[in-house]
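Structure first, commentary second.
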Amino acid sequence: MSEQSFILDGKTIPFTPGQTIIQAAMEAGQYLPYLCYHPDLKPHGSCKVCTVKIGERFMASCTTLAQDGLVVESDTALLHEERMTLIQMLFVEGNHFCPSCEKSGNCQLQATAYDMKMMTPHFPQFFPNRPVDASHPDYLLDTNRCILCSLCVRASRDVDGKNVFGLTGRGIHTRLIVNSASGKLGDSDFAGSDKAAHVCPVGAILPKRKGFAVPIGERTYDEKPISVFTAIERKEK
Ligand code: SF4
Ligand code: FES
């Protein structure tokens, strides 16, 4: 069978049938920004940060299957601008006060914003006031930082077989909930060994008693911008 490929920003990207555009791009060492995608989980297509342009259409590269001969644009001024707007909206919808967040330096949202050279959040802040759930002995849940990527929902359901998390509500009222009688993480069967404990791209699910363990200068995205990590390095993070 002859190898199939598509063109991404002028580069030929080989793929095996069934792969999405982002999977093939990552395998070929090409960075496409993403937040709600995870190589080990089924794609969800909610953040739209991975959007690329195929012909006249804007498509989420994490849910679009690669096809032979497709011409895909990602590195364009228009797409950079659209993605920056999405990231700015995520910043203002939550309380992403990086200077006081333990995830700073290891956060995919912050690293993506840096990589896009975002200088301000641009839009008015929402300042949500959701309760912080510190009921679990080993983990803290601060949904003021949740970007509703559903990675923890999918990891808990599809990998851990537990359904600890869920998204409820619509539109601006969408929020993350915990599936326990009290709604508290401490009353669920969530455990530190769960996949769901290790997929949050922001500082919403954090282990307790491990804060600020990595010195400034040695945190993941202090080393290099998120766009130059290889797919394998990203997976290991
Ligand atoms: S808690 Fe983290 S992983 Fe879960 S939906 Fe929110 S941002 Fe995503
Ligand atoms: S990474 Fe594709 S929509 Fe979020």
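No hydrogens, no waters, no symmetry mates; every other heavy atom, side chains included, goes into these values.
Under the 4.5 Å side-chain contact rule for hydrophobic residues, I226 and L86 do not share a cluster. Cluster annotation: L141 and V164 are assigned to the same hydrophobic cluster (Ile/Leu/Val/Met/Phe/Trp/Tyr, side-chain heavy-atom contacts under 4.5 Å, transitive). When hydrophobic clusters are built by joining Ile, Leu, Val, Met, Phe, Trp and Tyr residues whose side-chain heavy atoms come closer than 4.5 Å, directly or via intermediates, V178 is grouped together with L167. No chain of hydrophobic side-chain contacts below 4.5 Å, direct or via other Ile, Leu, Val, Met, Phe, Trp or Tyr residues, connects Y221 to M118.
Side-chain contact between I205 and C152 is present, with heavy atoms from C-beta onward closer than 4.5 Å. Counting heavy atoms from C-beta on, the side chains of K208 and P137 never come closer than 4.5 Å. Looking at M26 and L32, their side chains never come closer than 4.5 Å, going by heavy atoms from C-beta outward. Two residues are said to be in side-chain contact when any heavy atoms from C-beta on lie closer than 4.5 Å; F212 and E102 meet this criterion. Within the 4.5 Å cutoff, the side chain of L109 has heavy atoms near those of the L35 side chain. Taking 4.5 Å as the limit, every side-chain heavy atom of T20 sits out of range of all side-chain heavy atoms of T63. Taking the side chain as every heavy atom from C-beta outward, Q23 and I21 never approach each other to under 4.5 Å.
Across D222 and E218, no two heavy atoms sit closer than the pair OD2-N, 3.4 Å. For the pair P33 and T112, the tightest heavy-atom approach, listed with the atom from each and the gap, is CB-CG2, 4.4 Å. Nearest heavy atom pair, residue Q110 against residue S104, reads NE2-OG, 2.9 Å. Smallest separation of non-hydrogen atoms from Q19 and A24: OE1-CB, 3.8 Å. Scanning both residues, P201 and L151, for their nearest heavy atoms gives CD-CD1, 4.0 Å. The nearest pair of heavy atoms linking P121 to V92 is CB-CG1, 3.7 Å.
Counting only residues at least two apart or in different chains, ring pair (Phe, Tyr, Trp, His ring centres under 6.0 Å) contacts with residues 75-117 comprise F91-H96. For residues 179-192, the pairs satisfying side chain to side chain donor-acceptor pair (under 3.5 Å) are S182-D187, with sequence neighbours left out.
The aromatic rings of F15 and F6 sit tilted relative to each other, their planes meeting at an angle between 30° and 60°.
Defined by atom type and a distance below 3.5 Å, a donor-acceptor pair is present between the side-chain atoms of S46 and H44. Side-chain contact, E82 with T85: no donor N or O sits under 3.5 Å from an acceptor N or O.
A donor-acceptor distance shorter than 3.5 angstrom exists from the side chain of H198 to the backbone of G192, with no hydrogens or angles considered. Using a distance-only test at 3.5 Å, with no hydrogens or angles considered, no donor-acceptor pair links the side chain of R157 to the main chain of V153. With hydrogens and angles ignored, the 3.5 Å screen pairs no side-chain donor or acceptor of R145 with any backbone N or O of G94. A donor-acceptor contact shorter than 3.5 Å is absent between the side chain of N95 and the backbone of N144. A donor-acceptor pair under 3.5 Å is formed between the side chain of Q88 and the backbone N or O of T120. The main-chain N or O of D158 is never found under 3.5 Å from a side-chain atom of K195 such that the two would form a donor-acceptor pair. With hydrogens and angles ignored, the 3.5 Å screen pairs no side-chain donor or acceptor of N106 with any backbone N or O of R219. Remark: side-chain polar atoms of T174 are paired, donor with acceptor, to backbone N or O of G171 under 3.5 angstrom.
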All N/O donor-acceptor pairs, side-chain side in residues 7-14, below 3.5 Å, sequence neighbours left out:
| unit_1 | atom_1 | unit_2 | atom_2 | d |
| --- | --- | --- | --- | --- |
| D9 | OD1 | S74 | N | 2.8 |
| D9 | OD1 | D75 | N | 3.1 |
| D9 | OD2 | D75 | N | 2.9 |

Could you pull out every donor-acceptor pair under 3.5 Å between side chains of residues 123-135 and any protein atom, sequence neighbours left out?
| unit_1 | atom_1 | unit_2 | atom_2 | d |
| --- | --- | --- | --- | --- |
| R130 | NH1 | T143 | O | 2.6 |
| D133 | OD1 | S135 | N | 3.0 |
| D133 | OD1 | S135 | OG | 2.5 |
| D133 | OD2 | L185 | N | 2.7 |
| S135 | OG | L185 | N | 3.4 |
| S135 | OG | G186 | N | 2.8 |

Table please: side-chain donor-acceptor pairs of residues 47-59 below 3.5 Å, with sequence neighbours left out.
| unit_1 | atom_1 | unit_2 | atom_2 | d |
| --- | --- | --- | --- | --- |
| K48 | NZ | G45 | O | 2.5 |
| T51 | OG1 | K48 | O | 2.6 |

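Taking the six-membered ring wherever Trp is involved, the centroid distance between the rings of F165 and F190 falls below 6.0 Å.
Other residues, nucleotides and ligands contribute at most 12 non-hydrogen atoms within 6.0 Å of the NZ atom of K42. Summarising the local packing, CG of L78 is surrounded by more than 12 heavy atoms from other residues, nucleotides or ligands at distances under 6.0 Å.
Applying the salt bridge (Lys or Arg N to Asp or Glu O under 4.0 Å) test to D194 and every residue at least two apart in sequence or in another chain returns K162.
Rounding to the nearest 0.5 angstrom, the gap separating the OG1 atom in T220 from the CD atom in Q108 is 10.5 Å. A distance of 13.0 Å separates NE2 of H38 from SG of C62, quoted to the nearest 0.5 Å.
A salt bridge links D138 to R209: at least one charged side-chain nitrogen sits closer than 4.0 Å to a carboxylate oxygen.
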Trace of the ring pair (Phe, Tyr, Trp, His ring centres under 6.0 Å) decision for F229 with Y31: CA-CA 8 Å; F229 275 84; Y31 172 71; 9.7 Å; no
From CA spacing to verdict: side-chain contact (heavy atoms from CB on, under 4.5 Å), K103, V202: CA-CA 7 Å; K103 192 81 176 219; V202 293; 5.6 Å; no
For M89 and I87, run side-chain contact (heavy atoms from CB on, under 4.5 Å): C-alpha distance rounded to whole Å, both residues' side-chain angles, the deciding distance at 0.1 Å, then the answer. CA-CA 5 Å; M89 292 194 309; I87 297 287; over 6 Å; no
